[in-house]
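Here is the structure we will look at, set down as structure tokens.
For clarity, every value in this text was computed on a predicted model and none was experimentally measured. In the text below, chain A, chain B and the rest are named by the order of the sequence lines, each starting its count at 1.
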2 protein chains.
Amino acid sequence: MKAATVSLRQSTEARQAEMVQAVLALAARQEPASITTTHIAHEVGLSQGAVFRHFPNKQAIWLNVAEWLEATLLPLVQTAAKSSSDPLENLSNIFRAHLQFVQENPGVPRFIFHELQQPADSPVKQQVAGMLQVYSGILIRVLQQAKAQGLVLPTLDERSAATLFIGSIQGLVMQAMLIGSCAAIQPLIPGVWNLYCRAIREEPNA
Amino acid sequence: MKAATVSLRQSTEARQAEMVQAVLALAARQEPASITTTHIAHEVGLSQGAVFRHFPNKQAIWLNVAEWLEATLLPLVQTAAKSSSDPLENLSNIFRAHLQFVQENPGVPRFIFHELQQPADSPVKQQVAGMLQVYSGILIRVLQQAKAQGLVLPTLDERSAATLFIGSIQGLVMQAMLIGSCAAIQPLIPGVWNLYCRAIREEPNA
DNA sequence: TATATTAGTAATTGCTTACTAACATAAACC
DNA sequence: GGTTTATGTTAGTAAGCAATTACTAATATA
């Protein structure tokens with residue numbers, strides 16, 4: 001009946017993972033730029049100095065967050081992109097998977113915005129930009145498959161379609177930030193997706 | 001032949017306007033959260049202490065920026081919304097006017113993102129959120145006009161269409177932040193706009 | 001069991017921040 | 001022409017920041 005009390009001492013690996021999640025949890029509540037090492041320390045129940053037992057500096061924490069993001073979001077998108085033989089259904093699955101991921105991790109869009117605003121040479125921004133590059137690549141490939149099967153406009157520009165795809169998610173995220181609640185956008189999702197489908201589909205008979 | 005040298009001493013009104021523009025100029029280069037009163041002072045050629053001769057505190061500066069934004073962007077959108085008798089053409093004019101405004105003031109999207117991430121009770125966020133509310137209202141009214149004239153889907157959900165409209169601009173802005181240059185998105189604009197038109201139009205014969 | 005390593009703390013470092021106070025000077029007014 | 005007022009400077013303040021230090025306790029290892 002002894003409770004499995006967690007040891008107060010944790011390995012560096014475990015603490016790093018804790019702090020990455022702490023940053024995302026804090027980013028859901030406040031601007032990423034205003035998150036301090038003291039905030040992070042309190043969030044995981046440590047003193048401020050202990051943070052630097054597990055990370056050489058603050059930037060290393062942000063880089064770790066960016067790496068976690070890539071390692072979590074991209075497989076999600078990749079899986080959805082290959083979930084069926086119908087490219088349009090796969091696109092819809094990416095859309096839904098991405099939005100669900102954002103709702104479960106409300107700090108993520110804010111973190112991405114924050115990093116994209118950094119100077120170009122920042123390694124964390126390069127990491128995030130690289131991830132979005134890969135994301136776009138996946139979208140474009142699915143759109144090309146759809147075109148090859150005659151499911152979308154033969155004249156479709158995949159780059160524009162990918163930009164609008166990401167933009168449609170951005171628009172929903174912005175609505176959520178406006179309202180303040182991430183769950184409140186749920187009813188808007190099908191409407192926006194229907195419009196996106198009409199935009200790219202060959203035969204818009206909906 | 002005497003050069004019309006500007007007096008070193010300026011009125012508070014003039015300095016306030018200068019500093020609002022300074023904030024936007026700085027926001028084009030760096031994260032709004034990292035802009036200090038020293039940065040602003042140097043940008044307008046004053047000492048840091050002089051900033052507080054014209055503003056009671058830093059938040060008042062940001063509020064002034066938000067007010068300038070509303071007073072500048074909304075008339076632009078309003079004018080475009082009534083520029084012709086064709087609602088779809090008016091929508092296109094809003095789209096182009098907004099993107100031109102963003103290209104001329106690259107700090108604006110970053111400022112808006114920055115403010116939307118603030119806690120809900122922040123007066124500056126409320127100001128920005130209110131402006132976006134009005135913006136959405138204008139869009140929805142134009143979309144309703146288009147529906148009444150049978151130019152768009154009779155089943156169109158105006159709220160979703162407005163979200164996708166703003167999202168399509170967001171997507172382009174995000175591309176610009178990724179690339180680093182605001183002008184580089186120019187070739188993407190017509191493609192994205194064509195897709196948006198197809199999404200809402202009754203007869204997509206393009 | 002003795003020793004080395006790892007993960008923690010509290011206190012302090014140098015620096016930056018928004019904001020203020022004392023003083024200076026240009027323009028406006030009587 | 002002298003006084004007042006508005007706009008400027010310089011030199012402060014207290015608070016908060018990332019990062020370091022000296023030290024301690026827990027854990028692994030020989």
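- Residues forming a side-chain hydrogen bond (donor to acceptor under 3.5 Å, both in side chains) with A/Q126 (at least two apart in sequence, or on another chain): none.
- When rounded to the nearest whole Å, the span between CH2 of A/W62 and P of D/dA19 equals 12 Å.
- Listed by first and then second residue, the salt bridge (Lys or Arg N to Asp or Glu O under 4.0 Å) pairs that reach into residues 56-70 of chain B come to none, sequence neighbours excluded.
- Residue pairs meeting the salt bridge (Lys or Arg N to Asp or Glu O under 4.0 Å) criterion with at least one member in residues 158-170 of chain A, sequence neighbours excluded: A/K147-A/E158.
- Applying the salt bridge (Lys or Arg N to Asp or Glu O under 4.0 Å) test to pairs two or more places apart or on separate chains, those with a residue in residues 22-39 of chain B are B/R29-B/E43.
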Q) What string of B, S and - do you get for nucleotides 6-19 of chain C 5' to 3' if you count protein non-hydrogen atoms under 4.0 Å? A) BBBB-------SBB
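- Among residues at least two apart or in separate chains, ring-ring contact (aromatic ring centres under 6.0 Å, His included) pairs with a member in residues 167-199 of chain B are B/F95-B/W193, B/F165-B/Y196, B/W193-B/Y196.
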